[in-house]
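Within every chain, numbering begins at 1; the chains are lettered A, B, ... in the order of the sequence lines, protein sequences first and strands thereafter.
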2 protein chains.
Amino acid sequence: MKSDDIKQAALKHFSTHGYEGASLSKIAEEVGLKKQSLYSHFKNKDDLFLQVLRDAGEVELQTKLTFFNNRQDPSPEKSLYAFLVMVKELFQLDERMKFWLRISFFPPEHLYHLIGNEVLAIEDQVRKMLEAKFAEWMSKEQIFVEKPRIPASAFMGIVDALMIELVYDSSPERINEKLESAWTVFWRGISK
Amino acid sequence: MKSDDIKQAALKHFSTHGYEGASLSKIAEEVGLKKQSLYSHFKNKDDLFLQVLRDAGEVELQTKLTFFNNRQDPSPEKSLYAFLVMVKELFQLDERMKFWLRISFFPPEHLYHLIGNEVLAIEDQVRKMLEAKFAEWMSKEQIFVEKPRIPASAFMGIVDALMIELVYDSSPERINEKLESAWTVFWRGISK
DNA sequence: TGATTACTGACGAACGTTCGTAAGGGAAGG
DNA sequence: CCTTCCCTTACGAACGTTCGTCAGTAATCA
């Protein structure tokens, strides 16, 4: 499908140059088209952008939501660590996560509220899922915290910090060091 | 000084629209000038941008570096927590921190390496300072970690995550919850 | 007077977008 | 099988606007 090729090229340009910095002619050029031809596939720049955004949001949501379902590994220590590794690898593999990170924090102004709502909705679902997980581990006395909201919040912070390090494109050693450090302190912090 | 007014307006536009999205005419309009008049004060857009960047870098560096000097509070628990609160309040007060965050993670492409080097240099200084602090607390047995690099890395991650929450402009409660959660787990994680 | 600052005017380039049009393919009907 | 019709896709040309930048010229102020 040609539309998918366009979206893929658009994803790349949006995530490296932002909404304003990405040009339709460059995107078209990448798939061997003139910029006018994009209008046979999308209403306008916003339409293309929003379709890319929704694809990225879906990846973000589904990968995180389904992560704990598809593994019967009951140990929170291994699960949570594997979650971080999954985020890291997915981020390096799929450009949609980088796009999602950039756009959710620095959206184009005229789409600020629209994007804000979508991001909020997804983040809340992830938060709820994590809270439920932590509550479960808490009741089984596999972790030791006051309320499940606290480790959930802190863990999401670690994920954010990890993605920030990833978007910064530092060396693999630096990234791994960040991951290991955050994880080491975090796990000590909730495992008594 | 008129140049300072211009830089202040530029700071605002750069940090809310990014480099590409910020327009010289809008910046000039905000200080009651025509865009051509900006060229009496700056060589071009890059020149203006880089001056704003260096101001922001200096704020970032100086506030963090001098934080522990000007307080004789020896307790790491109070010092580190106060550091987070300081970052939060400074971020909300001084737009230069928001600018710094956005630009260091998503620089304009043609200044990628230049900015990368400046950011790296500053981050390394902060990291060194934090490592020294953690090493000191470690030797006094006020905290318990393997190597000072680990809590330093983890703590910088918390600062990043906090700023991310701040740039996202969520509610004060959400921000405080994030801060408290991250801090609670972090402190438990390094204090035996 | 000389220097700094702000203006007008204009420049080429790029932007997103619209129009009319032409090529291609599939469906429908003869 | 051929023709007609329609729908999709792509393109050249052009639109109006904005972009950053430069030259020349007033105005301001030491």
Knowing that exactly one of B:Trp183, B:Phe186, B:Phe68 qualifies, which makes a ring pair (Phe, Tyr, Trp, His ring centres under 6.0 Å) with B:Phe83?
B:Phe68
Note: B:Lys26-B:Glu29 ion pair, threshold 4.0 Å (strictly below):
no
Please state how far atom CD1 in B:Ile6 lies from atom C1' in C:dA6, giving the value in whole angstrom units.
10 Å
Rounding to a whole Å, what distance do you find between A:Leu111:CG and C:dG16:P?
14 Å
Please find out if less than 6.0 Å separates the ring center of B:Phe49 from that of B:Phe42.
no
Using five pairs at either end of the helix from C:dG12-D:dC19 to C:dG30-D:dC1, determine the angle between the two local helix axes and round it to 10 degrees.
20°
Contacts of B:Lys12 meeting side-chain hydrogen bond (donor to acceptor under 3.5 Å, both in side chains) (sequence neighbours excluded), chain-then-number -> B:Glu30
Please report, to 0.1 Å, the donor-acceptor pairs under 3.5 Å made by any side chain of residues 145-162 of chain A, with sequence neighbours excluded.
residue	atom	partner	partner atom	Å
A:Arg149	NE	B:Glu177	OE2	2.4
A:Arg149	NH1	A:Glu131	OE2	3.0
A:Arg149	NH2	B:Glu177	OE1	3.3
A:Arg149	NH2	B:Glu177	OE2	3.2
A:Ser153	OG	A:Arg127	NH2	3.0

Phosphate contact (C:dA6 OP1 or OP2) by B:Lys2 side-chain N/O below 4.0 Å:
yes
Which pairs, protein N/O on one side and nucleotides 24-30 of chain D N/O on the other, fall under 3.5 Å?
none

May I ask you to list the residues of residues 19-42 of chain A, by number, that have any heavy atom positioned under 4.0 Å from an atom of DNA chain C?
A:Ala22, A:Ser23, A:Leu24, A:Ser25, A:Lys35, A:Gln36, A:Tyr39
side-chain hydrogen bond (donor to acceptor under 3.5 Å, both in side chains) pairs, two or more places apart, involving residues 57-69 of chain A:
A:Glu60-A:Lys64
